[in-house]
Protein chains: 2
Amino acid sequence: MNSILRHINVIHSISSESEKALAEICKEVKFLKGKDVQAIGHTCKTIYFVKSGVVRIYYFKNATDITESFEFENAFVARAESLFTGKPSKKAIQAIEDTILIAIDSDRLFKLFDSHPDLERLFRKIIENSYVNTVSRIESLQFNTAEERYLNLLKDHSNVLKRVPLKLIASYLGITPVSLSRIRGTK
Amino acid sequence: MNSILRHINVIHSISSESEKALAEICKEVKFLKGKDVQAIGHTCKTIYFVKSGVVRIYYFKNATDITESFEFENAFVARAESLFTGKPSKKAIQAIEDTILIAIDSDRLFKLFDSHPDLERLFRKIIENSYVNTVSRIESLQFNTAEERYLNLLKDHSNVLKRVPLKLIASYLGITPVSLSRIRGTK
DNA sequence: TTAAACACTTTACATATGATAAGAAATTAC
DNA sequence: GTAATTTCTTATCATATGTAAAGTGTTTAA
């Protein structure tokens with residue numbers, strides 16, 4: 001629990017009572033490299049925090065595997081389109097390395113919000129941050145070339161390049177592995 | 001205020017006391033077609049609700065005007081990257097038709113959250129919804145062709161096509177006006 | 001009402017990215 | 001440690017979209 005509490009308190013500090021309540025609905029879970037944390041078709045009732053390792057959210061379009069996002073140590077992961085709508089997700093979460101996650105039960109978390117406004121505020125801010133990141137991702141996909149997107153990733157998140165297979169990065173950037181290889185070749 | 005209260009109560013119903021508190025920090029403002037509601041470089045301290053009309057968020061990349069999003073009647077608009085970070089925005093909000101907005105002072109709203117948890121919950125849910133929409137927009141930009149994106153817009157938001165100039169829609173779809181015209185021609 | 005400005009389309013050509021296939025390199029599994 | 005997979009690169013060709021320029025149609029404003 002220490003890693004998550006340390007991360008949380010930078011975003012919004014919560015009372016020790018709230019820390020305790022949060023700890024009670026958390027559970028540590030481990031996944032081997034390549035394993036699905038949650039499968040396609042499953043309704044998301046869990047918010048994960050990455051303690052160690054890397055995960056990705058992915059889905060299939062025309063039988064092609066597409067990576068929607070990566071999350072590394074000290075980040076939250078959830079399939080928002082399912083968690084916030086209650087519908088089954090068309091996406092899966094997969095461990096890219098051997099990974100340790102802290103699983104937070106979302107139903108119990110949302111109930112805690114009634115009695116612990118500081119937790120609701122914390123998660124509001126977490127969502128705000130995710131939202132801001134997502135909007136800037138749209139900007140990048142809307143009018144940057146594939147090469148610009150690759151170079152920005154290299155500049156801002158070079159750890160991704162070091163720890164994630166290129167074929168996963170390609171679809172994250174919205175291009176094919178062949179195209180990514182070509183872009184890398186001309187540098 | 002009626003339109004905003006009606007809209008809000010579908011998302012999360014709030015006490016009449018909270019309605020009153022919210023009304024106090026709202027102000028109705030009007031903008032003529034083409035006018036900027038908020039300019040580039042301005043730090044966003046306002047959340048708008050569109051009472052009537054249409055607005056867009058736009059910015060410039062290499063001197064090209066790019067529309068990030070449209071918002072019609074009964075929707076909230078804000079430049080999240082500025083509102084949630086406190087930094088000056090690189091984007092502007094513009095009225096596409098003559099538009100009436102309800103302006104909510106964000107500093108005062110965030111203060112209200114301390115005494116009105118139902119308001120915080122309401123706005124948490126509004127952000128969750130925006131987040132879900134934004135994630136699905138990424139999906140669309142990541143691996144749909146320009147034609148698929150156009151046809152999806154036609155299917156899901158045909159009102160956009162009816163009320164917004166095509167050149168604005170083109171950049172929203174991530175393509176040039178010429179390319180959009182070509183796609184429309186082949187149907 | 002007319003000129004000016006703006007929005008949209010069409011054409012021709014350039015270019016980035018996609019698709020396919022084959023080979024090289026790296027990783028995994030026995 | 002070697003074979004079998006998987007990942008990455010390279011090459012070729014096809015195609016979607018970009019760029020530029022010109023023409024038509026529609027608003028806007030004097």
Side-chain angles (χ1 to χ4, degrees), chain A residues 31-36 53-54 56 58 60-67 70 94-99 139-154 158 160-187, chain B residues 31-36 53-54 56 58 60-67 70 94-99 139-154 158 160-187:
Chain A
F31 291 88
L32 291 177
K33 177 176 178 173
K35 295 292 180 200
D36 268 6
V54 198
R56 66 172 184 135
Y58 73 97
F60 290 95
K61 154 148 191 175
N62 303 335
T64 304
D65 175 321
I66 296 176
T67 295
F70 302 107
Q94 182 189 44
I96 294 178
E97 300 174 353
D98 291 355
T99 295
E139 240 177 279
S140 148
L141 285 166
Q142 212 177 352
F143 267 102
N144 286 355
T145 64
E147 178 164 1
E148 287 173 317
R149 299 198 297 272
Y150 171 72
L151 293 176
N152 285 337
L153 188 69
L154 197 61
S158 60
V160 177
L161 276 297
K162 284 176 198 130
R163 292 169 62 183
V164 174
L166 289 172
K167 63 167 189 169
L168 302 186
I169 294 172
S171 70
Y172 173 79
L173 293 173
I175 54 178
T176 60
V178 174
S179 195
L180 178 56
S181 192
R182 189 159 35 197
I183 287 165
R184 286 161 53 82
T186 55
K187 289 264 62 174
Chain B
F31 291 89
L32 290 178
K33 177 176 179 174
K35 294 293 179 199
D36 268 6
V54 197
R56 66 172 184 136
Y58 72 96
F60 290 94
K61 154 149 190 176
N62 303 337
T64 304
D65 175 320
I66 296 177
T67 295
F70 302 106
Q94 182 190 44
I96 294 178
E97 299 175 352
D98 290 355
T99 295
E139 239 177 279
S140 149
L141 285 167
Q142 213 177 351
F143 267 101
N144 286 357
T145 63
E147 179 163 2
E148 286 172 317
R149 299 197 298 272
Y150 171 71
L151 292 176
N152 285 338
L153 188 70
L154 197 59
S158 61
V160 178
L161 275 297
K162 285 177 198 128
R163 292 169 62 184
V164 174
L166 289 171
K167 62 167 191 170
L168 302 185
I169 293 172
S171 69
Y172 173 79
L173 293 172
I175 55 179
T176 60
V178 174
S179 196
L180 177 56
S181 190
R182 189 158 33 200
I183 287 165
R184 286 160 54 83
T186 56
K187 289 266 64 177

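Quick note on labels: first sequence line is chain A, next is B, and so on, each numbered from 1.
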Counting only side-chain heavy atoms from C-beta out, which of D:dC8, C:dC8, D:dT17 sits nearest to A:Lys167?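 Taking heavy atoms from C-beta onward, the closest nucleotide is D:dC8.
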Residue A:Leu166, side-chain heavy atoms: nucleotide from D:dG18, C:dT17, D:dC8 that is nearest: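 Side chain of A:Leu166 sits closest to D:dC8.
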Of B:Arg163, B:Arg56, B:Lys35, B:Lys162, the residue whose pairing with B:Glu97 passes salt bridge (Lys or Arg N to Asp or Glu O under 4.0 Å): B:Arg163
Show the nearest heavy-atom pair for residues A:Phe31 and A:Ala95, with the distance to one decimal.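 Looks like CB-CB, 3.9 Å.
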Taking all heavy atoms of A:Thr99 and all of A:Gly53, pick out the closest pair and write down the distance. OG1-CA, 3.6 Å
Strand contacts (DNA chain C) in residues 171-180 of chain A, 4.0 angstrom heavy-atom criterion: A:Gly174, A:Ile175, A:Thr176, A:Val178, A:Ser179
Taking atom [atom2] of [N] as reference, at what distance in whole Å does atom [atom1] of [X] sit?
X	N	atom1	atom2	value
A:Tyr150	C:dT17	OH	C1'	17 Å
A:Arg163	C:dA26	CZ	P	21 Å
B:Arg184	D:dA16	CZ	P	19 Å
B:Ile183	D:dT15	CD1	P	17 Å
B:Leu141	D:dA16	CG	C1'	16 Å
B:Lys33	D:dT27	NZ	P	9 Å
A:Arg182	D:dC8	CZ	C1'	14 Å
A:Ile96	C:dT27	CD1	P	16 Å

Pair A:Tyr58, A:Asp36: side-chain N/O donor-acceptor within cut-off below 3.5 Å: yes
Main-chain N/O of A:Ser171 paired with A:Thr67 side-chain donor or acceptor, under 3.5 Å: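 Flag not set: sc A:Thr67 to bb A:Ser171 has no pair under 3.5 Å.
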Just by distance, do the side chain of B:Asp98 and the backbone of B:Lys33 share a donor-acceptor pair under 3.5 Å?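 Answer holds: yes.
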